[in-house]
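The block underneath contains the structure these notes are about, expressed in structure tokens.
Order of the sequence lines fixes the chain letters, A, B, ..., with proteins taken first and strands second; residue numbering starts at 1 for each chain.
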Amino acid sequence: MCGRLNQHLSAADIKFAFGTDDARIDLLTPNYNIPPSSQIYGVVGKGPRRIETFRWGLVPPWAKEPDTRFSMHNARADGVASKCSFKAPFRTQRILIPADGFYEWHTTPGGKQPFYIYRRDETPLAFAGLWDFNELLGLSSCAIVTTDANEFMSLVHHRMPVVLEPEDWDIWLDPENDDVVALQNFLKPAADRVLSMHAVHPMVGNPRNKSAEVVAPL
DNA sequence: CCAGACGTTGTT
DNA sequence: GTCTGG
DNA sequence: CCAGACGTTGTT
DNA sequence: GTCTGG
């Protein structure tokens, strides 16, 4: 994980689910099939929370070009406190990335079967993320934190994104909070009952296919 | 000290 | 095989 | 993440 | 900018 998202929800949906203090009109086109390097919505700040847009794939401040070599769409939970590219963002630039769901490809000797994964309670997911800003490029970008799969997810994959529950959101988003030891304790696999999944058509593999058909159960 | 990397995924 | 584009 | 390209020249 | 490797 986690390399493909359904972030179809609107700015108004995000405002409803995350209590963002932001009534701006939609900045992005709803899309059921979003690959890395796309612009996506993120939620930042604490009282008030705000909606911002970010390139999915963190480009650090020292990168001199819009170069994909230094574009990281995932950040391992066990490395956020120590890795060069993540250490500073983990201390002061944490973000929630709202999503309707995400995709995993279950690889077997016979081939790959994509699955669509979403919350069982059908509320939006809130991924733990990190963001940074590159002044030279004028680019805000973000990464999704990953961890080991829980038992449920391990049916299809051995990694999963970190999903935060509403009671954790303020602590995660508080830019004043620099207790990295406590913060790292949030970066655990979700409880097994939180998520649900179903197989979907392989057409989701092509990110040009971005209509609702890609989430339809097979 | 300077030079060079800076990341994850999956697969073998 | 590996990189780029979506 | 997967899909698809992977290249240059000259001509319109 | 900051960390790791030499």
Side-chain angles (χ1 to χ4, degrees), chain A residues 1-8 28-40 53-93 95 97 99-118 125 127-137 139-149 153-163 178 180 187 189 197 199-211 213-215 218:
Chain A
M1 214 285 150
C2 171
R4 205 70 74 80
L5 300 180
N6 173 13
Q7 195 187 58
H8 184 261
L28 302 175
T29 306
N31 185 340
Y32 287 90
N33 191 1
I34 302 176
S37 83
S38 307
Q39 287 292 121
I40 60 173
T53 61
F54 299 84
R55 178 191 192 273
W56 181 22
L58 190 139
V59 178
W62 39 260
K64 304 274 194 297
E65 304 164 50
D67 192 329
T68 51
R69 280 179 304 191
F70 302 125
S71 175
M72 297 153 268
H73 66 271
N74 289 159
R76 290 180 61 97
D78 52 16
V80 290
S82 57
K83 302 278 186 182
C84 276
S85 298
F86 301 137
K87 195 173 184 175
F90 180 52
R91 232 184 293 112
T92 58
Q93 290 153 202
I95 184 179
I97 295 161
D100 301 277
F102 63 98
Y103 304 91
E104 293 287 2
W105 279 261
H106 184 213
T107 305
T108 64
K112 288 178 185 175
Q113 173 60 57
F115 283 79
Y116 179 55
I117 301 116
Y118 46 94
L125 292 151
F127 297 130
L130 308 173
W131 68 272
D132 213 332
F133 179 70
N134 183 303
E135 207 159 333
L136 189 67
L137 306 170
L139 182 67
S140 289
S141 59
C142 68
I144 294 174
V145 180
T146 61
T147 187
D148 295 322
M153 283 299 303
S154 65
L155 294 168
V156 296
H157 205 64
H158 66 104
R159 304 286 297 163
M160 71 182 292
V162 172
V163 177
D178 61 354
V180 292
L187 306 179
M197 71 170 99
V200 292
H201 193 279
M203 72 186 292
V204 74
N206 190 333
R208 287 184 159 92
N209 299 325
K210 48 195 179 190
S211 68
E213 298 167 80
V214 298
V215 299
L218 266 196

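- Tested against His8(A) for a ring-ring contact (aromatic ring centres under 6.0 Å, His included), the candidates Tyr32(A), Tyr116(A), Phe102(A), Tyr118(A) yield a single pass: Tyr32(A).
- Ring pair Phe115(A)/His106(A) is perpendicular by interplanar angle, where above 60° counts as perpendicular and below 30° as parallel.
- Within the 4.0 angstrom heavy-atom criterion, no nucleotide atom of any strand lies near Pro61(A).
- Residues Arg4(A) and Asn206(A) come closest through the heavy atom pair NH1-C, 4.2 Å.
- Nucleotides dT9(B) and dC2(D) have their P atoms positioned 13 Å apart, rounded to a whole Å.
- Between Ser85(A) and dT2(E) there is no side-chain polar atom (N or O) within less than 4.0 angstrom of OP1 or OP2.
- Base contact: Ser37(A) has a heavy atom under 4.0 Å from a base atom.
- Pro36(A) comes within 4.0 angstrom of a nucleotide base, judged by non-hydrogen atoms across all strands.
- Across all strands, Lys210(A) comes closer than 4.0 Å to no nucleic acid atom at all (heavy-atom distances).
- Using a 4.0 Å heavy-atom distance criterion, Thr107(A) is classed as a sugar-phosphate-only contact.
- Taking atom C1' in both dC6(D) and dA3(B), one finds a spacing of 33 Å when rounded to whole Å.
- With centres under 5.5 Å and a plane angle under 30° as the test, the ring of Trp105(A) is not stacked against the base of dC1(D).
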